[in-house]
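A short write-up of the structure that comes next.
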Amino acid sequence: MYAANPAGCGHRNIPEGAGKITMSEEILINVTPQETRVAVVESGLLQEVQVERVGKQGLVGNIFKGCVSKVMPGMDAAFVDIGLPKAAFLHSSDVAYLPKPSGSSSVLLSAPEEGLLPPQNESIANLLHEGQQLLVQVIKDQLGTKGARLTTSITVPSRYMVLLPYSNDIRLSVRIEDLQERARLVETTQGLLDELNAKCGCILRTAAEGMSESDLRRDLKFLLDLWDTIVEKVMRMSSVNQVYSDLPLMVRTLRDLSVEDLDVVRVDSRSAFEAVQEFSKKLVPEIADRISHYSGARPIFELYSIEEELQKSLHRKVELKSGGYLIFDQTEAMTTIDINTGGFVGHRNLEETIYKTNLEAAQAIARQLRLRNLGGIIIIDFIDMENEEHTRQVMRTLEKFLEKDRAKSQVYDVSPLGLVEMTRKRTRESLEHILCEPCITCAGRGYIKTPETVCFELFREIMREARQYETDRLLVLASQSVIDLLLDEESSSLAELEDHIGKAIKLQVESLYSQEQFDVVPL
């Protein structure tokens, strides 16, 4: 939730949650025994959806006692066993603190001045060795074929603060802008750390703005007690295991959300509503009276056509109101977004049409990135504009609407090829990867061969079978679409083939076959 100051030139940092949301916001929570879904609705329009399934809960934020299984100097990283089927990945840049050589414990538990040293651009071979035990935290879930990514810089979040057990720093969210308030929070927090004799640091979250000393003390005391519990659990453990898990999605949402524009939180499960309400009274009392139990006859996600929006978010094509459209292509390496004018012709000239389409697309792209939870490298191919001011306005629009996103983004200037390159922080799987799997028909290609192509392949296979086997007849098994084509447009070609090979060809529809599948069987 916290971003560094913008750095460098040629690109702009969009801090996580940097923008002030100036519209009404509702949180809808749908709970079933199998999964929990949380929808963020702004002014009646779905902006964000998170899904957590019982059998596939995310690991981001969870803390493990791990063991280094392999050091890879060529990758400057190590693989760490944390008890998952796939070893997790720890890069040298994520090794924040290590025990001093004289330290008696190989597990990271102490504060820096009590036995930990921050690495100074050391190679992974000098930092870790196989069999070494580490306290690590997941910063990225398993994504596709990649294992979870780890860090040794442990953080433990609460409502107003994030505890930094291995640091003495006091940091603040970039969204706290008032200089006097920032100074007050730093002074108050330092006083509380001294009062509680806490040898650690912390981050003041956006929600800490305006909070009293007693509120901050209660939050810090909760975090320190929680850290003591984690330490005790680690010391009792003799093998690799999980020592701390983050909160469930429905209460994690309340902990992390901004309440400034929040109107209501609706929960459609009575037991979940009671759990959320109890949690809010303890940690987020200012929103306790905005939480309500939804018991209506219609499913809660039908209130704002959320189910319909979810289905649309899985499509490649996104229609724009003007008649233009976007095409999203998500690959393992990056996501590409193409903008087209479609049926929009404008009223004055082509440049006006392109400009208006790109403006609408910029707003739609920012929303779709949140809704689809797309991360990593993103390439946007806006329609080429000749007017430089139009280009600047489109970029400003994109940045403006990205500011509402809680995930940190970085937007670069338009490249010489007219492409906009950006990155968006990715910690969890995209919505598509959570809800979908590769198509068994096209194997993830996104397309299948046409019936005509399959017919021509089938003709070649018939020729091969006719030469190979001594038989009077051949049976062709294929899908309905291919058989229909053979009996219609390709019927004359099929007849010519029968004459050529001197064998009868019998056709049979196989309903279980995909359009690309077929068999030629000698009879």
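Quantities reported herein were computed from a predicted structural model and do not represent experimental measurements.
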Notebook entry, point to check: Does some side-chain heavy atom of Leu90 sit less than 4.5 Å from a side-chain heavy atom of Arg149?
Noted result: no

Next item on the list: Decide whether Asp219 and Ser158 meet the rule of one side-chain donor and one side-chain acceptor closer than 3.5 Å.
Entry: yes

Margin query: List the residues meeting side chain to side chain contact (heavy atoms under 4.5 Å, CB included) with Thr253, not counting sequence neighbours, and say none if there are none.
Written below: Ile27, Val38, Leu249, Leu257

Next item on the list: Determine whether Met161 and Leu204 make a side-chain contact, defined as any pair of heavy atoms from C-beta on separated by less than 4.5 Å.
Entry: yes

Note to self: Suppose the criterion is side chain to side chain donor-acceptor pair (under 3.5 Å): which pairs have a residue in residues 273-283, not counting sequence neighbours?
What the structure shows: none

Notebook entry, point to check: Is the charged tip of Arg372 near the ring of Phe328: under 6.0 Å from the six-membered ring centre and within 45° of its axis?
Noted result: yes

Next item on the list: Report yes or no: does Thr229 contribute a side-chain atom to a donor-acceptor pair with the main-chain N or O of Asp225 at less than 3.5 Å?
Entry: yes

Notebook entry, point to check: Heavy-atom count around Leu196 CG within 6.0 Å, excluding the residue itself: above 12?
Noted result: yes

Margin query: Between Asp405 and Lys425, is there a side-chain heavy-atom distance shorter than 4.5 Å?
Written below: no

Tabulate below the donor-acceptor pairs under 3.5 Å that side-chain atoms of residues 238-248 make, not counting sequence neighbours, or state none.
residue: Gln242; atom: OE1; partner: Asn62; partner atom: ND2; Å: 3.4
residue: Asp246; atom: OD1; partner: Arg255; partner atom: NH1; Å: 2.8
residue: Asp246; atom: OD2; partner: Arg255; partner atom: NH2; Å: 3.3

Notebook entry, point to check: Are the side chain of Asp76 and the backbone N or O of Ile124 linked by a donor-acceptor pair below 3.5 Å?
Noted result: yes

Note to self: So, using side-chain hydrogen bond (donor to acceptor under 3.5 Å, both in side chains) as the criterion, who are the partners of Asp194 when residues are at least two apart?
What the structure shows: Gln190

Checklist line | Asp329 and Arg316: CA distance, side-chain angles, deciding distance, salt bridge (charged side-chain N to carboxylate O under 4.0 Å, His left out) verdict | finding: CA-CA 7 Å; Asp329 282 311; Arg316 288 180 67 232; 2.8 Å; yes

Notebook entry, point to check: With sequence neighbours left out, which residue pairs that include part of residues 275-312 fulfil the ring-ring contact (aromatic ring centres under 6.0 Å, His included) condition?
Noted result: Phe273-His293

Margin query: Just to verify, what does Arg217 make a salt bridge (Lys or Arg N to Asp or Glu O under 4.0 Å) with, not counting sequence neighbours?
Written below: Glu195, Glu213

Item checked: Check: Asn373/Ser430 side-chain N/O donor and acceptor closer than 3.5 Å -> no

Checklist line | Nearest-0.5 Å distance, SG of residue Cys439 to CD of residue Glu437 | finding: 9.5 Å

Check: For Gln50, what residues pass the side-chain hydrogen bond (donor to acceptor under 3.5 Å, both in side chains) criterion, not counting sequence neighbours?
Finding: none

Check: Any side-chain heavy-atom pair from Glu286 and Val284 closer than 4.5 angstrom?
Finding: yes

Margin query: Any heavy-atom pair between the side chains of Val49 and Leu310 that's under 4.5 Å?
Written below: yes

Item checked: Non-neighbouring partners of Glu130 that pass salt bridge (Lys or Arg N to Asp or Glu O under 4.0 Å), sequence neighbours left out -> none

Check: Phe382 and side-chain contact (heavy atoms from CB on, under 4.5 Å): which partner among Leu419, Asp338, Val414, Ile365?
Finding: Ile365

Check: Which heavy atom of Val68 sits nearest a heavy atom of Ala78, and at what distance?
Finding: CG1-CB, 4.2 Å

Checklist line | Partners meeting side chain to side chain contact (heavy atoms under 4.5 Å, CB included) with Glu187 (sequence neighbours left out) | finding: none

Check: Given side chains that start at C-beta, do those of Arg424 and Arg370 come closer than 4.5 Å, heavy atoms only?
Finding: yes

Item checked: ring-ring contact (aromatic ring centres under 6.0 Å, His included) contacts in which one or both residues fall within residues 51-84, not counting sequence neighbours -> Phe79-Phe89

Check: What closest approach, in Å, do Leu398 and Ala362 show between heavy atoms, and which atom pair accounts for it?
Finding: CD1-O, 3.7 Å

Next item on the list: Measure from the side-chain N and O atoms of Arg182 to the backbone N and O of Glu177, and report whether any donor-acceptor pair falls under 3.5 Å.
Entry: no

Check: Between CG of Asn30 and CG of Leu303, what distance do you get to the nearest 0.5 Å?
Finding: 10.5 Å

Next item on the list: Examine the side chains of Thr151 and Ser153 and answer whether a donor and an acceptor come within less than 3.5 Å of each other.
Entry: no

Next item on the list: Using atom types as modelled and distance alone, determine if a side-chain donor or acceptor of Glu181 lies under 3.5 Å from a backbone N or O of Gly210.
Entry: yes

Check: Of the options Arg406, Arg367, Lys404, which is the one that meets Glu48 in a side chain to side chain donor-acceptor pair (under 3.5 Å)?
Finding: Arg406

Margin query: Contact between Val31 and Asp268 at the side-chain level, heavy atoms closer than 4.5 Å - yes or no?
Written below: yes

Next item on the list: Please list, chain by chain and in numerical order, all residues satisfying side-chain hydrogen bond (donor to acceptor under 3.5 Å, both in side chains) with Arg266, sequence neighbours excluded.
Entry: Glu26

Next item on the list: For Thr331 and Met334, indicate whether the former's side chain and the latter's backbone hold a donor-acceptor pair under 3.5 Å.
Entry: yes

Next item on the list: Go through Arg290 and Leu262 one step at a time and tell me if the side-chain contact (heavy atoms from CB on, under 4.5 Å) criterion holds.
Entry: CA-CA 8 Å; Arg290 303 181 216 175; Leu262 180 65; 3.8 Å; yes

Checklist line | Residues forming a salt bridge (Lys or Arg N to Asp or Glu O under 4.0 Å) with Asp178, sequence neighbours excluded | finding: none

